[in-house]
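The structure presented is a predicted model; accordingly, all values stated were derived computationally and were not measured.
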Amino acid sequence: MFGLDDLTGFVVNSVSKPFDYGWVIFGIVLAFAVLFSLKHFLDIALDLWKLPFAIAVDAIDLLSFDNGLFDLAGAIGAFVLFWVFARRGHHMSKIFAIIAVVEIMVGVWFFPQYAFITNLFPLVTILMFVSIWSD
């Protein structure tokens with residue numbers, strides 16, 4: 001059996017040995033790297049709640065293959081999604097809003113011959129990923 005005396009002896013023996021400061025510095029740098037990556041991951045995870053709305057707008061765009069009203073609903077949804085959910089002073093999401101609206105409106109309203117291409121491409125979700133990642 002491994003008793004408490006053995007454990008105490010092991011700890012005392014390990015602590016009383018001389019140690020290399022390089023390992024201490026390496027441990028501190030490693031701890032900072034882990035904390036920084038955790039902070040970065042949590043900042044991204046904090047904004048991931050916007051992603052289902054982008055997927056819903058892309059689904060509406062996919063449904064608008066032959067119905068112009070779904071195109072209008074998708075364009076309004078994309079505009080509201082990027083314009084309202086943008087962080088304060090974040091100009092890229094306003095540009096993304098205009099790009100998403102133009103891509104959705106290409107479907108039935110402007111160039112119906114390209115509707116099968118633009119309706120299948122999930123541009124709003126991709127732009128939302130870029131918007132979340134760039135914050």
Side-chain angles (χ1 to χ4, degrees):
M1 279 314 266
F2 195 73
L4 190 59
D5 294 335
D6 295 330
L7 180 64
T8 306
F10 175 73
V11 170
V12 167
N13 190 17
S14 296
V15 172
S16 63
K17 289 181 183 176
F19 60 92
D20 187 15
Y21 286 104
W23 285 108
V24 174
I25 293 171
F26 175 73
I28 291 171
V29 169
L30 185 66
F32 279 140
V34 167
L35 288 175
F36 178 73
S37 63
L38 186 65
K39 178 214 171 278
H40 187 67
F41 173 73
L42 291 178
D43 281 345
I44 292 171
L46 190 64
D47 287 336
L48 282 179
W49 63 271
K50 300 174 189 177
L51 204 56
F53 293 107
I55 293 170
V57 170
D58 277 331
I60 290 171
D61 186 29
L62 184 63
L63 291 172
S64 69
F65 185 75
D66 59 349
N67 191 347
L69 295 178
F70 281 131
D71 253 347
L72 285 176
I76 291 170
F79 185 78
V80 168
L81 179 71
F82 284 110
W83 205 272
V84 174
F85 288 165
R87 289 192 174 192
R88 189 174 310 224
H90 200 278
H91 64 281
M92 233 169 94
S93 63
K94 290 168 178 49
I95 295 170
F96 286 168
I98 294 169
I99 291 171
V101 167
V102 167
E103 187 267 339
I104 289 173
M105 294 303 285
V106 161
V108 175
W109 296 94
F110 297 137
F111 300 110
Q113 65 269 25
Y114 298 114
F116 67 96
I117 297 171
T118 61
N119 289 346
L120 290 177
F121 189 65
L123 184 70
V124 178
T125 304
I126 292 169
L127 291 178
M128 185 55 71
F129 263 131
V130 171
S131 176
I132 290 170
W133 192 263
S134 69
D135 282 342

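The nearest pair of heavy atoms linking M105 to D71 is SD-O, 4.0 Å. Across all their heavy atoms, V57 and G74 have their closest contact at CG1-O, 3.5 Å. Scanning all heavy atoms of the two residues, the minimum distance from V101 to A75 falls at CG2-O, 3.4 Å. Here the shortest heavy-atom pairing between K50 and L81 reads O-CD1, 4.3 Å. Considering all non-hydrogen atoms of both residues, F129 and L51 come closest at CZ-CD2, 3.5 Å. Nearest heavy atom pair, residue F82 against residue A97, reads CB-CB, 3.5 Å.
Under a hydrophobic clustering in which Ile, Leu, Val, Met, Phe, Trp and Tyr are joined whenever their side-chain heavy atoms come within less than 4.5 Å, directly or via other members, V34 and V24 fall into different clusters. A single hydrophobic cluster is seen to contain both V130 and I95, as judged by linkage of ILVMFWY side chains at heavy-atom distances under 4.5 Å, directly or through other members. By the criterion of side-chain heavy atoms lying less than 4.5 angstrom apart, applied directly or through intervening Ile, Leu, Val, Met, Phe, Trp or Tyr residues, F36 is not grouped with L30; the two fall into different hydrophobic clusters. Linking Ile, Leu, Val, Met, Phe, Trp and Tyr whenever their side-chain heavy atoms come within less than 4.5 Å puts V124 and I132 in one cluster. W133 and F96 fall within the same hydrophobic cluster, defined by Ile, Leu, Val, Met, Phe, Trp and Tyr side-chain heavy atoms under 4.5 Å apart, directly or through other members.
Between W49 and F53, the two ring planes are perpendicular [angle over 60°; tilted spans 30° to 60°].
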Problem set entry | Full working for side chain to side chain contact (heavy atoms under 4.5 Å, CB included) between I99 and L127 | CA-CA 9 Å; I99 291 171; L127 291 178; 4.1 Å; yes
Exercise. I60 and I104: side chain to side chain contact (heavy atoms under 4.5 Å, CB included), yes or no, with the steps?
Worked result: CA-CA 10 Å; I60 290 171; I104 289 173; over 6 Å; no
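Distance check: D58 CG to L63 CG gives 11.0 Å after rounding to the nearest 0.5 Å. Between the OG1 atom of T118 and the CG atom of L62 there is a distance of 10.5 Å, given to the nearest 0.5 Å.
Within the 3.5 Å criterion, the main-chain N or O of M128 finds no donor-acceptor partner in the side chain of S131.
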